Novice: 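Once you've had a glance at the structure underneath, I'll fire off some questions.
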Amino acid sequence: MKNAYAVKLQERKRAEVYQNTKEGFEFGLNLCAVALNNKFGFGNDRLAVLETEIERILEEEFGGDVETASYGLARRIAQIRGKNHNC
């Protein structure tokens, strides 16, 4: 009985972390969309291409795991912007 309750709590926590991560991701993506529009005039078509590429990167390059994605993203940012760059 305790194990079933613990599993249920763990599943609830996992769902909560997933939802919070998704909301944070969407917020960051929306900030990028506004910045790209302000600075470079990106509109819906270009932003849709960007979103598609972001989803592809998350799935194909970094996998579905948040920790793996965080590590992979940090490594790519260091590669692109230099190892001493702080976000």
Side-chain angles (χ1 to χ4, degrees):
M1 199 67 152
K2 284 186 178 182
N3 288 338
Y5 181 70
V7 168
K8 186 175 181 179
L9 285 177
Q10 187 177 23
E11 288 174 0
R12 185 181 301 158
K13 180 66 176 174
R14 188 176 299 126
E16 183 179 309
V17 168
Y18 174 79
Q19 184 61 33
N20 290 340
T21 301
K22 183 178 174 186
E23 288 174 8
F25 174 77
E26 289 173 358
F27 182 79
L29 187 57
N30 286 336
L31 282 173
C32 287
V34 171
L36 287 168
N37 178 263
N38 288 348
K39 294 295 183 179
F40 305 109
F42 277 36
N44 186 55
D45 292 344
R46 293 170 95 188
L47 292 170
V49 170
L50 175 67
E51 287 176 359
T52 300
E53 178 62 5
I54 288 171
E55 290 173 6
R56 186 201 65 77
I57 290 169
L58 281 172
E59 291 175 15
E60 294 178 14
E61 294 186 25
F62 299 148
D65 180 51
V66 174
E67 288 184 40
T68 302
S70 295
Y71 175 75
L73 183 59
R75 191 178 50 178
R76 283 297 308 271
I77 292 298
Q79 181 184 42
I80 294 165
R81 302 191 75 175
K83 294 184 188 301
N84 295 327
H85 176 75
N86 293 320
C87 292

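Starting from 1, each residue takes its place in the sequence as its number. What you see is a predicted model; the values in this text were computed from it and never measured.
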Novice: Show your reasoning for whether salt bridge (charged side-chain N to carboxylate O under 4.0 Å, His left out) applies to Glu11 and Lys8.
Specialist: CA-CA 5 Å; Glu11 288 174 0; Lys8 186 175 181 179; over 6 Å; no
Novice: Taking all non-hydrogen atoms of both residues into account, name the closest pair between Asn37 and Phe42 and its distance.
Specialist: ND2-O, 2.7 Å
Novice: How long is the gap from CZ on Arg46 to CG on Leu36, to the nearest 0.5 Å?
Specialist: 8.5 Å
Novice: I need the Ile54 CD1 to Leu29 CG distance, nearest 0.5 Å.
Specialist: 4.5 Å
Novice: If Ile, Leu, Val, Met, Phe, Trp and Tyr residues are connected whenever their side-chain heavy atoms lie under 4.5 Å apart, and connections chain through other members, are Val34 and Phe27 in the same group?
Specialist: no
Novice: Atom CD in Glu55, atom CD in Glu60: separation rounded to 0.5 Å?
Specialist: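 That separation rounds to 11.0 Å.
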Novice: Answer yes or no: are there more than 12 heavy-atom neighbours, outside Tyr71 itself, under 6.0 Å from its atom OH?
Specialist: no
Novice: Is the shortest side-chain heavy-atom distance between Glu16 and Asn20 below 4.5 Å?
Specialist: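 In contact.
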Novice: Atom CG in Asp45, atom CG in Leu50: separation rounded to 0.5 Å?
Specialist: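 The distance works out to 12.5 Å.
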